[in-house]
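Presented below is the structure to which this report refers.
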There are 2 protein chains.
Amino acid sequence: MASILPEVLRNTPLFANLPPEDLRRVAEIALPRHYEKKDSIFREGERADGFYVVGVGRVKIFKLSENGKEQVLHLIGPGQSFAEATIFEGGTFPAHAEALEGCDVVFLPKRPFTDLLEKNPRIALRMMASLSRWLKRMTDLVESISLRDVEARLVRYLSDELAVGGTPIRDGAVLDLNVSKTVLASRLGTVPETFSRTLKKLQDEGKIRVKGKQIRIMKADSLFSILD
Amino acid sequence: MASILPEVLRNTPLFANLPPEDLRRVAEIALPRHYEKKDSIFREGERADGFYVVGVGRVKIFKLSENGKEQVLHLIGPGQSFAEATIFEGGTFPAHAEALEGCDVVFLPKRPFTDLLEKNPRIALRMMASLSRWLKRMTDLVESISLRDVEARLVRYLSDELAVGGTPIRDGAVLDLNVSKTVLASRLGTVPETFSRTLKKLQDEGKIRVKGKQIRIMKADSLFSILD
DNA sequence: CGTAGGGTTGAGGTTAATCAAGTATGGTGG
DNA sequence: CCACCATACTTGATTAACCTCAACCCTACG
């Protein structure tokens with residue numbers, strides 16, 4: 001299975017289009033790992049000794065409150081990396097990570113990787129760009145959670161998902177929520193009950209049509225008009 | 001005034017303890033700027049052509065909702081840098097920045113600085129560490145806003161402020177809120193009314209004593225016990 | 001003094017969480 | 001293939017947090 005490793009690395013923005021030689025060096029220090037559904041990948045506060053690249057499957061990154069409520073920060077899919085930040089500064093993970101399904105990931109251990117960074121300004125620059133993107137995402141998440149109601153957050157999420165999927169935004173467009181509604185509710189900073197009711201409300205208003213995880217956009221204009 | 005510039009740079013973690021030669025190079029491309037109270041430093045969506053280091057004064061970084069409500073993301077003080085992330089990836093600022101009082105800041109223009117980064121792995125590593133710290137802060141902010149009630153957020157803020165001020169946490173300790181209560185309310189993701197009521201509640205319970213911007217901790221144990 | 005900005009207080013309304021119960025759904029073993 | 005179980009999801013009723021609106025106070029500063 002070591003043969004798919006370079007392939008995984010090549011598909012992550014961090015290492016895409018890297019000279020073969022650099023890629024080989026990264027591959028040399030990378031460790032393939034597998035997790036089953038619901039397996040914990042790391043827990044908040046645990047010693048952080050590296051970061052991850054997803055090859056197959058989905059991972060949720062989340063915070064837990066003392067009374068057990070969870071806030072999903074990110075949903076990570078194939079090609080994406082996560083926990084990069086932990087290899088600089090601070091030796092512990094700031095959140096939990098759990099496999100949402102069977103996952104093949106690649107682990108990049110801290111020390112060998114930072115050594116590599118020091119000699120590879122190209123990778124270092126990409127690393128900074130990646131950290132910057134995470135920062136932007138978190139900034140948007142804060143804005144979303146604190147400044148918008150659940151309906152607006154949901155609509156924005158649908159809009160963003162259509163965008164990343166490359167689906168043109170028009171009536172009849174279909175979107176597949178790739179995760180359970182419970183997880184999605186938590187990502188949107190709410191609970192399953194409220195999430196369910198919000199979907200129903202939008203459906204009753206004729207703006208969307210819900211069938212399982214399929215969302216069909218019926219009135220794109222009025223649906224997305226609440227976003228500025 | 002150019003003489004204080006190296007001093008400002010030396011006081012920011014990004015450039016502290018840098019070899020004099022590196023520091024000189026940074027200073028060469030740095031541009032001192034001044035802002036009066038309430039001046040906008042940049043607005044969300046504006047083209048981002050560099051980042052900032054604060055020499056004197058305080059800056060608030062915030063998001064605005066369409067109906068005018070604001071969420072303060074960060075309060076930046078002397079020695080701190082902000083908007084570093086914008087010089088990689090994404091050409092626009094993800095939030096607004098405004099001077100809370102008269103401010104002397106240093107502006108580091110994007111292009112010359114990235115050129116410098118490519119030749120200076122040492123600075124690049126620090127830059128990544130700095131980005132990582134911001135990321136951690138944002139992660140904590142999300143958790144705080146979405147998983148805790150206003151009282152818990154306020155108490156945590158007090159705890160954090162005591163920590164950064166180096167004040168030992170014990171009964172009788174006094175803390176000065178360096179910003180207006182209105183700004184602080186927004187930083188905590190609430191409104192002045194709720195903030196005021198929450199302070200009053202803690203005072204009525206005998207846990208703190210409020211006099212203007214001075215907060216005296218009266219019962220540290222019971223006050224901070226709600227934080228796990 | 002008089003005004004303005006920040007701060008406080010009270011009443012009322014709204015959003016969304018909680019609690020409780022019931023209905024799909026999907027995977028597993030018989 | 002079906003029965004069963006666990007899990008996910010939905011729906012309704014109730015509650016709690018906190019936002020909004022409105023009025024008022026207080027202090028600083030011209």
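The chains referred to below are lettered A, B, ... by the order of the sequence lines, with proteins before strands, and numbering in each begins at 1.
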Review point. Given atom NZ of Lys201(A) and atom C1' of dG12(D), what is their separation to the nearest angstrom?
Key: 18 Å
Check your understanding: Rounded to whole angstroms, how far apart are CD on Glu101(A) and P on dA8(D)?
Key -> 14 Å
Point to revise | Of Phe82(A), Phe51(A), Tyr52(A), the residue whose pairing with Phe107(A) passes ring-ring contact (aromatic ring centres under 6.0 Å, His included) | key: Tyr52(A)
Review point. Hey, are Lys200(B) and Asp204(B) close enough for a salt bridge, meaning a charged N less than 4.0 Å from a carboxylate O?
Key: yes
**Study point:** Rounded distance in Å - CG (Leu184(B)) to C1' (dT8(C))
**Key:** 16 Å
Practice item. Check whether more than 12 heavy atoms from other residues, nucleotides or ligands sit under 6.0 Å from atom CZ of Arg43(B), and answer yes or no. Key: no
Check your understanding: Taking the six-membered ring for Trp, are Phe42(B) and Phe93(B) parallel (under 30°), tilted (30 to 60°) or perpendicular (over 60°)?
Key -> parallel
**Study point:** Euclidean distance, atom CD1 of residue Ile215(A) to atom P of dC9(D) [Å, nearest integer]
**Key:** 12 Å
Check your understanding: When rounded to the nearest 0.5 angstrom, what is the spacing between CG in Asp49(A) and CG in Leu108(A)?
Key -> 11.5 Å
Practice item. With rounding to the nearest 0.5 Å, note down the distance linking CD1 in Ile215(A) to CG in Leu177(A). Key: 4.5 Å
Point to revise | d(NZ, Lys213(B); P, dG7(C)) in whole Å | key: 6 Å
**Study point:** Interatomic distance, Gln71(A) CD vs dA16(C) C1' [rounded to whole Å]
**Key:** 14 Å
**Study point:** Residues within residues 176-183 of chain A bordering DNA chain D, heavy-atom distance below 4.0 Å
**Key:** Ser180(A), Lys181(A), Thr182(A)
Review point. Nearest-Å distance, CD (Gln203(B)) to C1' (dT8(C))?
Key: 12 Å
Point to revise | Over 12 foreign heavy atoms within 6.0 Å of CZ, Arg33(B) | key: yes
Exercise for review: Identify whether the distance between the nearest side-chain nitrogen and carboxylate oxygen of Asp140(A) and Lys136(A) falls below 4.0 Å.
Suggested key: yes
Practice item. Please report how far the helix from dC1(C)-dG30(D) to dG30(C)-dC1(D) bends, comparing the axis fitted to its first five pairs with the axis fitted to its last five, to the nearest 10 degrees. Key: 40°
Review point. How does each nucleotide of nucleotides 21-28 of chain C score, in 5' to 3' order, for protein heavy atoms under 4.0 Å: base (B), sugar-phosphate only (S), or none (-)?
Key: --------
Exercise for review: Could you tell me which residues satisfy salt bridge (charged side-chain N to carboxylate O under 4.0 Å, His left out) with Glu151(B), sequence neighbours excluded, listed by chain and number?
Suggested key: Lys201(B)
Check your understanding: Nearest-Å distance, CD1 (Ile145(B)) to P (dA17(C))?
Key -> 15 Å
Study note, to complete from the structure: dist Cys103(B):SG -> Asp39(B):CG (nearest 0.5 Å) comes out at 9.0 Å
Revision key, fill the gap. Here the side chain to side chain donor-acceptor pair (under 3.5 Å) pairs for residues 215-226 of chain A, sequence neighbours left out, are none
Exercise for review: Flag yes if more than 12 heavy atoms outside Lys37(B) fall under 6.0 Å of its NZ atom; otherwise flag no.
Suggested key: no
**Study point:** Qualifying residue for side chain to side chain contact (heavy atoms under 4.5 Å, CB included) with Val155(B), from Leu227(B), Ile208(B), Val150(B)
**Key:** Leu227(B)
Study note, to complete from the structure: B/S/- along nucleotides 16-30 of chain D (protein heavy atoms under 4.0 Å) is --SBBBB--------
